[in-house]
Engineer: 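Provided herewith is a single structure, encoded as structure tokens, for subsequent inquiry.
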Amino acid sequence: NLTTANAGPDQNVCGTTTTLAGNTPVFGTGSWSIISGLGGSVTTASSPTSGFTGVAGTTYTLRWTIANAPCTESTDDVVITFTENPSSSNAGPDQNVCGTSATLAGNTPTVGTGSWSIISGVGGTVTTASSPTSGFTGVAGTTYTLRWTIANAPCVSSTDDVVVTLVIGSASC
């Protein structure tokens, strides 16, 4: 007799550690092995729920093997993806602009993707939401708060806000 191996569901994890979810053999003994991915380490190879540590930004394939000689081994694979935290968001300095348009000054993410959103202020438009240096137009005399969000799911997004004041009729214009 031999218990059929079940390595558990694939996982997409923010960070570099997870707990594996193999089944406990009723007949035979189990063992984890790393099939692909560099820099990974199984804490306790014989434990179906061992810890596993790897490198952020790396995808691993692990195999849960249950053996009970002289029966043929049963194997099942699981894919573990360690996702990096997104770059820290920097929306740039607050701006006082004469007129109705401004150029935003967010940072370019090295990890993740960025997106602008308007948090407060009516009548504003971001030209290209995914561009850190997008144009922005709005209504003269209005103050806007814009948010630069850098996301890399399933990690928590990084956000930063900038205040853009479109000045009209002041001495600075």
Side-chain angles (χ1 to χ4, degrees), residues 7-22 32 34-43 49-63 76-173:
D10 292 348
Q11 298 181 38
N12 189 355
V13 179
C14 181
T16 59
T17 61
T18 192
T19 300
L20 301 174
W32 287 106
I34 300 171
I35 303 304
S36 67
L38 297 177
S41 174
V42 176
T43 307
T49 56
S50 175
F52 178 68
T53 304
V55 178
T58 303
T59 297
Y60 298 88
T61 299
L62 279 69
R63 180 164 292 158
D76 189 36
D77 293 351
V78 62
V79 176
I80 307 291
T81 302
F82 288 129
T83 303
E84 292 181 79
N85 279 303
S87 300
S88 292
S89 177
N90 183 340
D94 291 347
Q95 298 184 44
N96 286 319
V97 180
C98 292
T100 59
S101 64
T103 299
L104 302 174
N107 63 317
T108 300
T110 54
V111 177
T113 55
S115 179
W116 287 105
S117 56
I118 300 170
I119 303 304
S120 68
V122 176
T125 303
V126 175
T127 307
T128 307
S130 62
S131 171
T133 57
S134 175
F136 173 75
T137 57
V139 179
T142 305
T143 297
Y144 297 88
T145 300
L146 284 79
R147 180 165 293 158
W148 181 234
T149 300
I150 301 176
N152 197 30
C155 298
V156 175
S157 297
S158 173
T159 63
D160 190 37
D161 294 350
V162 62
V163 175
V164 177
T165 304
L166 301 178
V167 181
I168 186 168
S170 80
S172 64
C173 288

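Keep in mind that what you see is a predicted model, and the values were worked out from it rather than measured.
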Engineer: Do the ring planes of W116 and W148 sit parallel (below 30°), tilted (30 to 60°) or perpendicular (above 60°)?
Structural biologist: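 Judged by the thresholds at 30° and 60°, the geometry between W116 and W148 is tilted.
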
Engineer: Which atoms form the tightest heavy-atom contact between P86 and V156, and what is the distance?
Structural biologist: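 Closest pair (atom of P86, atom of V156, distance): CG-O, 3.4 Å.
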
Engineer: Roughly how far, to the nearest 0.5 Å, is the CD1 atom of I119 from the OG1 atom of T149?
Structural biologist: 7.0 Å

Engineer: Should Y144 and V139 count as side-chain neighbours, where that means a heavy-atom distance under 4.5 Å?
Structural biologist: yes

Engineer: Measuring only between side-chain heavy atoms, which start at C-beta, is N85 closer than 4.5 Å to C14?
Structural biologist: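 Result yes, sub-4.5 Å side-chain heavy-atom pair found.
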
Engineer: So, taking the atom named CG in L146 and the one named CG in D94, what distance separates them when rounded to the nearest 0.5 Å?
Structural biologist: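 Between L146 CG and D94 CG, I get 10.5 Å after rounding to 0.5 Å.
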
Engineer: I'd like to know if the side chain of T137 and the backbone of T100 have a donor-acceptor N/O pair within less than 3.5 Å.
Structural biologist: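 No.
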
Engineer: Going by distance alone, is a donor N or O of one side chain under 3.5 Å from an acceptor N or O of the other, for S134 and T128?
Structural biologist: no

Engineer: Does any N or O in the side chain of N90 come within less than 3.5 Å of the main-chain N or O of N107, such that one atom is a donor and the other an acceptor?
Structural biologist: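 No, because the side chain of N90 does not come within donor-acceptor range (under 3.5 Å) of the backbone of N107.
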
Engineer: Hey, does the side chain of N152 reach the backbone of E84 with a donor-acceptor pair shorter than 3.5 angstrom?
Structural biologist: yes

Engineer: Show the numbers, then the answer: is there a side chain to side chain donor-acceptor pair (under 3.5 Å) between T159 and S89?
Structural biologist: CA-CA 5 Å; T159 63; S89 177; over 6 Å; no

Engineer: Between N12 and T83, is any side-chain donor less than 3.5 angstrom from a side-chain acceptor?
Structural biologist: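 A pair is found: one side chain offers a donor N or O, the other an acceptor, under 3.5 Å apart.
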
Engineer: Verify, without hydrogens or angle tests, whether T127 (side chain) and G135 (backbone) share a donor-acceptor contact under 3.5 angstrom.
Structural biologist: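 Judged by distance alone, yes, a pair lies under 3.5 Å.
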
Engineer: Heavy atoms, side chains only, cut-off 4.5 Å: are V126 and I118 in contact?
Structural biologist: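 Contact flag for V126/I118 side chains = yes.
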
Engineer: Could you tell me which non-hydrogen atom of T133 sits nearest to which non-hydrogen atom of G106, and how far apart they are?
Structural biologist: CG2-O, 4.5 Å

Engineer: Can you tell if the side chain of F52 reaches within under 4.5 Å of the side chain of T18, non-hydrogen atoms only?
Structural biologist: yes

Engineer: Which heavy atom in L20 sits nearest to a heavy atom in Q11, and how many Å separate them?
Structural biologist: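 In terms of heavy atoms, the two residues are closest at CA-NE2, 4.2 Å.
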
Engineer: Kindly compute the distance separating CG (D160) from CD1 (I150), expressed to the nearest 0.5 Å.
Structural biologist: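 Those atoms lie 9.0 Å apart.
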
Engineer: Can S88 and S158 be counted as having a side-chain donor-acceptor contact under 3.5 angstrom?
Structural biologist: no

Engineer: Counting C-beta onward and ignoring hydrogens, is there a side-chain heavy-atom pair between T142 and L166 closer than 4.5 Å?
Structural biologist: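 They are not in side-chain contact.
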
